[in-house]
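Shown next, in structure tokens, is the structure this report addresses.
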Amino acid sequence: MKNTITIKKNFEVKYLLAKGKWTRGKYLTIYLKKSEKLQGINRICFIVSKKAGNSVFRNRIRRLLRQAYSDLESKIKKGYNILIMWKSKETTKNIKCDVVYDDMQKIFKEREMLL
RNA sequence: AUAGUAAGUCAGAUAGUCGCAUGUGUAAACAUGAGGAAAGUCCGGGCACCAUAGGGCAGGAUGCUGGAUAACGUCCAGUGAAGGUGACUUUAAGGAAAGUGCAACAGAAAAUAACCGCAUUGUGUAUACAGUGUAAGGAUGAAAAAGUGAGGUAAGAGCUCACUAAGUAGUAUGGUAACAUAUUACUUGUGUAAACCCCAUUCGGUGCAACACCAGAAAUUAAAUAUAAAGUGGCCCGCUUAUUUUAAGGUAGGUGGCUUGAGCUAUAUAGUAAUAUAUAGCCUAGAUAAAUGACUAUCAAAUACAGAACCCGGCUUAUAGAUUUGCUAAUAUA
């Protein structure tokens, strides 16, 4: 993730949730907001709610999302604020990385984010 | 072999490709990177700050004996009691003869016991009525005023005696002690202290969002109130001090603390053990929106519970699968 910065502040996340345009897939919901200040860089944030499961499960999901995004990074347009949220009620513990990757790619395709 | 009982151990491995955090390095690169409970936050300690910290009362905690420890409500070894054929297990185990309270239902009565019964006195022709003595017998209950036999008596009764049971005090022996055994004297007091209470020991508060430093912010304006009052974990003493209330305005960061420690491993010595001491070797996560991941191949399968957040010692709860050792049996077979 060479051209990406993580979003750290709480008020920035709240701003994205309020103003960003969202698209829903099978597992994920992705919020996007274009920003002219960012040139050749994306800012990203991963969210897994506490209702999803215990801390081990949440950590694993966050890592899968990070992995999937880093695989996709080179194919995506730059200059966006991105917020990826885990919305599924799945509790099966062996979710594979491919599933998350496919879902994310599908959503980015709908929003014409792919280069 | 089966059934049981006690104590444990492991918690995926190997190879390859890509990626993250920390350290070393000019760089390339190399090294290291979650648990047995990291969890619950129930105890104890280190460390930091605070006269809200000092003294007293109140309140909390603990409660057989000896030992271990920095400390503990923890651990080890024992004593008593209860359970089990046994290996073994459990134990909230000070005081009820300092005082107060409570004991549902049933029962005459739940602690200064007379309902029935037994004996006797008075009245009466008599069944009966009234009184007195009596805890041997009856029914109730979780619990009923020590048990058996003999004497004794109007009837009875530890009223007396013998044996037995329990308790208190003393003596002797063994044990560091809890206690055990024997014996002498006295007594026969229901249970409950997970009711109040008494006795002994012990306890200040807040937690790394502590705290220190840098940058920044604030220390401004207006109004009101009290002048000896205001603050002080529940109260008193002591202690501290010029502030207190309302409105407007205003607060987004970083560095340290942070991992060399009551540390880990091996050996020896002391001890039944918990543990202690000595010698040698080792450095083994330190993130801050938060690293420890993804994919492929092989092993029969890779699956349980679960993610470090200042650090240690315990306790409690969760846990797939694999596996080791000691011991027991009124079981079964040879």
Side-chain angles (χ1 to χ4, degrees):
Chain A
M1 301 205 297
K2 288 171 186 174
N3 298 317
T4 306
I5 302 174
T6 51
I7 297 171
K8 299 191 177 183
K9 298 299 169 195
N10 195 22
F11 66 92
E12 290 177 325
V13 173
K14 279 179 182 171
Y15 175 82
L16 264 179
L17 284 171
K19 301 278 182 179
K21 293 188 175 178
W22 54 271
T23 310
R24 191 155 193 185
K26 193 181 175 187
Y27 297 104
L28 306 174
T29 307
I30 296 183
Y31 290 71
L32 288 171
K33 176 78 177 171
K34 192 165 187 179
S35 170
E36 293 179 356
K37 289 181 185 176
L38 303 169
Q39 295 191 344
I41 291 177
N42 280 334
R43 299 170 77 211
I44 194 159
C45 177
F46 305 104
I47 294 184
V48 186
S49 80
K50 254 189 168 179
K51 290 177 185 174
N54 61 11
S55 55
V56 175
F57 182 77
R58 294 201 303 272
N59 252 331
R60 183 176 161 76
I61 293 294
R62 192 168 53 74
R63 281 168 187 153
L64 286 174
L65 293 176
R66 182 193 286 273
Q67 182 69 29
Y69 177 79
S70 63
D71 290 350
L72 269 170
E73 195 194 14
S74 56
K75 303 177 185 173
I76 292 178
K77 293 180 183 175
K78 301 296 186 293
Y80 285 86
N81 288 315
I82 306 171
L83 187 147
I84 301 175
M85 189 185 276
W86 178 263
K87 271 283 185 181
S88 171
K89 291 179 181 176
E90 283 272 325
T91 52
T92 51
K93 291 183 179 176
N94 296 311
I95 296 167
K96 289 278 180 183
C97 192
D98 299 346
V99 177
V100 179
Y101 182 87
D102 291 344
D103 199 38
M104 199 182 286
Q105 195 178 27
K106 198 177 166 188
I107 293 169
F108 280 131
K109 204 170 187 178
E110 273 183 37
R111 300 297 298 277
E112 299 174 351
M113 285 284 290
L114 298 177
L115 291 169

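By convention in this document, chain letters (A, B, ...) are assigned in the order of the sequence lines, proteins followed by strands, and residues within each chain are numbered from 1.
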Span that lies between the C1' atom of B:A97 and that of B:A81, in whole angstrom: 23 Å
Answer syn or anti for B:U62, where the cut-off is 90° from 0 on the glycosidic torsion. anti
Under the side chain to side chain donor-acceptor pair (under 3.5 Å) test, residues paired with A:T23 that sit two or more places apart: A:R111
With rounding to whole Å, what would you report as the distance between B:C197 and B:U240 at their P atoms? 38 Å
Glycosidic conformation of B:G158, taking syn as within 90° of 0 and anti otherwise: syn
May I ask which nucleotide in the shown strands pairs with B:G44, Watson-Crick or G-U wobble, both distances under 3.5 Å? B:C312
Identify the nucleotide, in any strand shown, that forms a Watson-Crick or G-U wobble pair with B:G99, with both distances under 3.5 Å; if there is none, say none. B:C196
Check side chain to side chain contact (heavy atoms under 4.5 Å, CB included) between A:R24 and all other residues, then give those that pass, not counting sequence neighbours. A:W22, A:T29, A:K87
Which whole number of Å gives the distance between the P atom of B:A194 and that of B:G158? 37 Å
Nearest-Å distance once atom P is located in both B:A53 and B:G234: 13 Å
Applying the 3.5 Å cut-off to both distances, the Watson-Crick or G-U partner of B:A142 turns out to be none
Should B:A247 form a Watson-Crick or G-U wobble pair with both distances under 3.5 Å, which nucleotide is its partner? B:U221
Measure across A:D103 and A:L28 and return the closest heavy-atom pair with its distance rounded to 0.1 Å. OD2-N, 3.2 Å
Got a second to check how far A:L32's CG is from A:I82's CD1, nearest 0.5 Å? 6.0 Å
Applying the 3.5 Å cut-off to both distances, the Watson-Crick or G-U partner of B:U125 turns out to be none
Is A:F108 close to A:I30 at the side-chain level, that is, under 4.5 Å between some pair of heavy atoms? yes
Quick check on B:U183: syn or anti? Syn means the glycosidic torsion is within 90 degrees of zero. anti
B:G216 and B:A248, which share atom name C1', separated by this distance in whole Å: 23 Å
Nearest-Å distance, CG (A:D102) to C1' (B:C295)? 14 Å
Roughly how far apart are A:L64 CG and A:N59 CG, rounded to 0.5 Å? 11.0 Å
Taking syn as a glycosidic torsion within 90° of 0 and anything else as anti, which one is B:A27? anti
Would you kindly give the CG-to-P distance between A:L65 and B:C20, to the nearest whole Å? 17 Å
Which nucleotide, if any, forms a Watson-Crick or G-U wobble pair with B:A51, using both distances under 3.5 Å? none
Tell which nucleotide pairs with B:U277, taking only Watson-Crick or G-U wobble pairs whose two distances are both under 3.5 angstrom. B:A268
From CD (A:Q67) to OH (A:Y101), nearest 0.5 Å: 10.5 Å
Base partner of B:U24, which must satisfy Watson-Crick or wobble distances under 3.5 Å: B:A29
Please give the distance between the P atoms of B:U190 and B:A98 as a whole number of Å. 13 Å
With the criterion being N/O to N/O and under 3.5 Å, what pairs connect the protein with nucleotides 291-294 of chain B, and how long is each?
{"from": "B:A291", "atom 1": "OP1", "to": "A:R62", "atom 2": "NH1", "distance (Å)": "2.5"}
{"from": "B:A291", "atom 1": "OP1", "to": "A:R62", "atom 2": "NH2", "distance (Å)": "2.6"}
{"from": "B:A291", "atom 1": "OP2", "to": "A:R62", "atom 2": "NH2", "distance (Å)": "3.4"}
{"from": "B:U292", "atom 1": "OP2", "to": "A:R63", "atom 2": "NE", "distance (Å)": "2.7"}
{"from": "B:U292", "atom 1": "OP2", "to": "A:R63", "atom 2": "NH2", "distance (Å)": "3.3"}
{"from": "B:A294", "atom 1": "OP1", "to": "A:R60", "atom 2": "NH1", "distance (Å)": "2.3"}

Distance check, rounded to the nearest 0.5 Å: A:Y69 atom OH versus A:I44 atom CD1? 4.0 Å
Does B:G36 sit syn or anti, given that only angles within 90° of 0 count as syn? syn
For nucleotides B:U127 and B:A106, find the distance between their P atoms and express it as a whole number of Å. 37 Å
Considering only atom P, compute the distance from B:A287 to B:A209 and round it to an integer number of Å. 14 Å
